[in-house]
Amino acid sequence: MSFNSKLTQWQNKRVWLVGASTGIGEALARQLDQLGCRQMLSARSADKLATLAGELKNATALPLDITQLGAVKTAFDHLINAWGGIDLIVLMAGTYSEMSVEGFDIDKVCQQIDVNLNGTMYVLGNVLPKLLEQKSGHLAIVSSVAGYRGLPNSLAYGPTKAALINLAEALHLELKPHNVGVSVINPGFVDTPLTRKNTFPMPFLITAEKAAQEIIVGLEKGEFEIHFPKAFTRTLRTLRILPYSLYFAAVRKITANTKKPELGNE
Ligand SMILES: NC(=O)c1ccc[n+]([C@@H]2O[C@H](COP(=O)([O-])OP(=O)(O)OC[C@H]3O[C@@H](n4cnc5c(N)ncnc54)[C@H](OP(=O)(O)O)[C@@H]3O)[C@@H](O)[C@H]2O)c1
């Protein structure tokens, strides 16, 4: 079943990739460039974006801090002045730090909410009127399997990613009648600067290049939820639908012998 229009024709597609300076975003920018997309690349690191854009055929650096509403508006106005419209927005910007009850740090909690959730809302506030006016386009929101259900040591990151899954579902329901596509992207463990600080084993770890390929394939198929690697996410999707009695028991068993659990700390 196809939930969205299939994105099969990439040539000259106008893409705003927010969170493009490193990791999965950088890999996706490189692959979309190969497919012939026109891209505006955003993140805070202007130097990294300029270097990346310089290496690509059709990309422009558009630095911004997603937590600054004014900066998001200025960037989107610039993009619309340049292109007149937009075909695909990938909301990739995200931040993560482990958070347990013993290490609860309200500043780090607020920082993750600011980037992962509020930043996404700031982008939406700017792009939604344009998408509704166009009656076309596609929003891809990068969440995480850590957003499926509550996990230990994920008191800040997990809730932000759960909120993004909920948000994407609501957007999909509302935007479909307006001919605007919505996808939520739920990666497992991907080898990027975000996860390199993890000291625990990360099962089924994949490269950023593989993650970018999975995203492109999912968009080409018109999927709503794009999740990968399947060998890992199929298990987590089963845990997702268990009743609490079974879910809590399963997570306790999986995490019993690890000081830092293997799930949910990407
Ligand atoms: N790696 C994994 O295993 C994994 C698993 C599930 C989900 N994810 C999600 O995938 C997305 C990409 O993560 P990644 O693993 O590729 O990590 P990453 O390499 O750390 O990339 C994060 C991106 O977000 C940007 N960013 C962070 N704060 C920002 C801000 N305030 N304003 C604008 N841009 C900001 C970063 O650029 P600057 O620092 O230059 O601003 C960077 O481009 C994130 O949403 C993450 O939660 C990752």
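For clarity, every value in this text was computed on a predicted model and none was experimentally measured. Just so you know, ligand 1 is whichever comes first in the structure, and atom 1 is the first atom listed for that ligand.
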Report yes or no: does [X] have a heavy atom closer than 4.0 Å to ligand 1?
| X | result |
| --- | --- |
| T95 | no |
| L64 | yes |
| Y96 | no |
| P193 | yes |
| K161 | yes |
| A27 | no |
| G188 | yes |

Would you check whether [X] has a nitrogen or oxygen atom less than 3.5 angstrom from a nitrogen or oxygen atom of ligand 1?
| X | answer |
| --- | --- |
| I24 | yes |
| M92 | yes |
| I66 | yes |
| T67 | no |

**Message:** For E223 and N4, which I'm curious about, is there any donor-acceptor pair between the side chains at under 3.5 Å?
**Reply:**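 On atom types as modelled, these side chains do not qualify, holding no pair under 3.5 Å.
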
**Asked** Hey, which atoms in ligand 1 end up nearer than 4.0 Å to a heavy atom of Y157?
**Response**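 Answer, ordered by atom number: 6 (C), 7 (C), 8 (N), 9 (C), 46 (C), 47 (O).
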
**Message:** Under the criterion salt bridge (Lys or Arg N to Asp or Glu O under 4.0 Å), I'd like the reasoning laid out for R30 against E55: C-alpha separation, chi angles, the key distance, then a yes or no.
**Reply:** CA-CA 9 Å; R30 292 185 187 282; E55 291 172 18; 2.9 Å; yes

**Request:** Give every residue pair that meets the side-chain hydrogen bond (donor to acceptor under 3.5 Å, both in side chains) criterion with at least one member in residues 33-48, sequence neighbours excluded.
**Result:**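 Every side-chain hydrogen bond (donor to acceptor under 3.5 Å, both in side chains) pair that includes a residue of residues 33-48, provided the two are not neighbours, is W16-S42.
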
**Residue pairs passing the side-chain hydrogen bond (donor to acceptor under 3.5 Å, both in side chains) test where at least one lies in residues 60-74, sequence neighbours excluded** =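 Qualifying pairs, neighbours excluded: D65-T67, K73-D77.
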
